[in-house]
J.: 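Before we start, here is the structure in question, set down as structure tokens.
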There are 2 protein chains.
Amino acid sequence: MMSKRKKVADIIDNIRRVFQAVHEYSKKAEKKTGLTGPQLWAMKILADTAPIKVSQLAKSMYLHPATVVGILDRLEVKGLIARTRSKGDRRVVEIDLTNLGREILERAPEVAQGLLVAGLETLPNKDLVCIADGLSQLVKILGVQEIPPGLLLTTEGHESNRESC
Amino acid sequence: MMSKRKKVADIIDNIRRVFQAVHEYSKKAEKKTGLTGPQLWAMKILADTAPIKVSQLAKSMYLHPATVVGILDRLEVKGLIARTRSKGDRRVVEIDLTNLGREILERAPEVAQGLLVAGLETLPNKDLVCIADGLSQLVKILGVQEIPPGLLLTTEGHESNRESC
DNA sequence: CAAAAAACATTTGAATACAAATAATATGAG
DNA sequence: CTCATATTATTTGTATTCAAATGTTTTTTG
């Protein structure tokens, strides 16, 4: 029987491994496409929801608007997105993919989350429950059930409803 | 019974929550001490292992040496650490906490990991096994059992040996 | 309607973070 | 011993991230 101390240490190690893996994966995707993780992420969202306001994009990415402006600047320079001042409300800037942007995106790999989703979907239901419960406990410990996820991807909608261990 | 799709989505959401929570926590510690997460993290490591080489500190933090140099620059300006060119090998720079650094550190809160460890330790053994197994599965999916953890903390030593669900 | 408040995108300034290049020193091969 | 190689810290340049301040435009209030 492992000591409690040892179990806790193992858990922490594995959390770190997950952090690290997501990070490494995003760096690999960067090498392949010339797009950084956040840039690719923004484009994936645009592919689904363009045209979209800057503020809405920021919300979708759970990032500060100022951060998104920077990312958009660089994507614009590369000719992958276009900004248009909205006719109806001239405070608003509408973002859309250019044709080049769409082409590039087709050849781009999934964001880190894609890897996770693909991997998880191959698992039997029983294992999914196991993983889900473990993470729920962690979330409970951290006291962040209410926090809207953030980072890592775009899928919105977070109605919860889970089973217990 | 939840659909597999839904389960996977829930898992991803919770992973994002954990990411987010760790990040938020580090920002909170920053407000309290005037030290950023990485700065505090570096000092915690120094408290345990100083004097230490820059390259060794970088390894302990799983960061690029260039990044650590920047962090040390800012800590040095605040008078919390001291750099000394090593006598034995003049390429090496030894880092140590100053007395002021030690004082500040005493009043500083734990790094995000501290919160996790404390929370985990209150859980019954059964729950720990549940969390550990869930994370093990994730790590397996990501194919990173071999990756030395990284991020989040400093404790070294990672022999593994776990039970199943 | 006019002034105040809010919403929106952006700019500015600071801290990470990495890769690549540099400079200084140490070690190894011949 | 000398030259090539390796190690060590640093500098430089780019990207991400946030908070705070700014400038426009819209909405709300009085």
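Worth knowing before you read on, the calculation uses all heavy atoms, side chains too, and leaves out hydrogens, waters and symmetry mates. So that the names make sense, note that chain A is the first sequence line, chain B the second, and so on, each numbered from 1. These figures come from a predicted structure and were not determined experimentally.
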J.: When the distance from CG of Leu57(B) to P of dT8(D) is rounded to whole Å, what number comes out?
T.: 14 Å

J.: Nearest whole Å is fine: how far is dC8(C) C1' from Gln56(A) CD?
T.: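 So the CD-C1' distance, Gln56(A) to dC8(C), works out to 13 Å.
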
J.: Checking Ile104(A) now: which residues fulfil side-chain contact (heavy atoms from CB on, under 4.5 Å) with it, not counting sequence neighbours?
T.: Leu35(A), Leu80(A), Leu100(A)

J.: Considering only dA9(C), dA20(C), dA15(C), which nucleotide approaches the side chain of Ala66(B) most closely?
T.: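 Taking heavy atoms from C-beta onward, the closest nucleotide is dA20(C).
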
J.: My understanding is that only residues two or more places apart in sequence, or in another chain, count here; which of them pass side chain to side chain donor-acceptor pair (under 3.5 Å) with Glu76(B)?
T.: Arg83(B)

J.: Could you tell me whether Pro65(A) contacts a base, only the sugar-phosphate backbone, or nothing, with contacts defined as non-hydrogen atoms closer than 4.0 Å?
T.: base

J.: Between Leu63(B) and Leu57(B), does the side chain to side chain contact (heavy atoms under 4.5 Å, CB included) criterion hold? Intermediate values first, please.
T.: CA-CA 9 Å; Leu63(B) 291 178; Leu57(B) 179 56; over 6 Å; no

J.: Can you name the residues that form a side-chain contact (heavy atoms from CB on, under 4.5 Å) with Pro65(B), not counting sequence neighbours?
T.: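 Residues passing side-chain contact (heavy atoms from CB on, under 4.5 Å) with Pro65(B): Ala58(B).
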
J.: Among residues at least two apart in sequence or on other chains, which ones pass side-chain contact (heavy atoms from CB on, under 4.5 Å) with Ser55(B)?
T.: Lys53(B)

J.: Under the side chain to side chain donor-acceptor pair (under 3.5 Å) rule, collect the residues that match up with Gln39(B), sequence neighbours excluded.
T.: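 Only Lys78(B) meet the side chain to side chain donor-acceptor pair (under 3.5 Å) criterion with Gln39(B).
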
J.: Which residues pass the side-chain contact (heavy atoms from CB on, under 4.5 Å) test with Ala82(B), sequence neighbours left out?
T.: Thr98(B)

J.: Does anything in residues 67-85 of chain A reach DNA chain C, meaning a heavy atom under 4.0 Å, and if so which residues?
T.: Val69(A), Arg83(A)

J.: Which residues satisfy the side chain to side chain donor-acceptor pair (under 3.5 Å) test with Asp96(B), sequence neighbours excluded?
T.: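 Side chain to side chain donor-acceptor pair (under 3.5 Å) list for Asp96(B), sorted by chain: empty.
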
J.: When you get a sec, tell me which of dA9(C), dA15(C), dA17(C) is the closest nucleotide to the side chain of Ser55(A)?
T.: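 So the nucleotide nearest the side chain must be dA9(C).
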
J.: Under 4.0 Å from OP1 or OP2 of dA9(D): is there any side-chain N or O of Lys53(B) that close?
T.: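 No, outside the criterion.
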
J.: Rounded to the nearest angstrom, tell me the gap between atom CD in Glu94(A) and atom P in dC8(C).
T.: 12 Å

J.: Within this structure, what is the CD1-to-P distance between Ile95(B) and dT8(D), rounded to whole angstrom?
T.: 14 Å

J.: Give me, pair by pair, the N or O atoms of the protein and of nucleotides 21-28 of chain C that are less than 3.5 Å apart, along with how far apart they are.
T.:
unit_1, atom_1, unit_2, atom_2, d
dT25(C), OP1, Arg90(B), NH2, 3.4
dA26(C), OP1, Arg90(B), N, 3.2

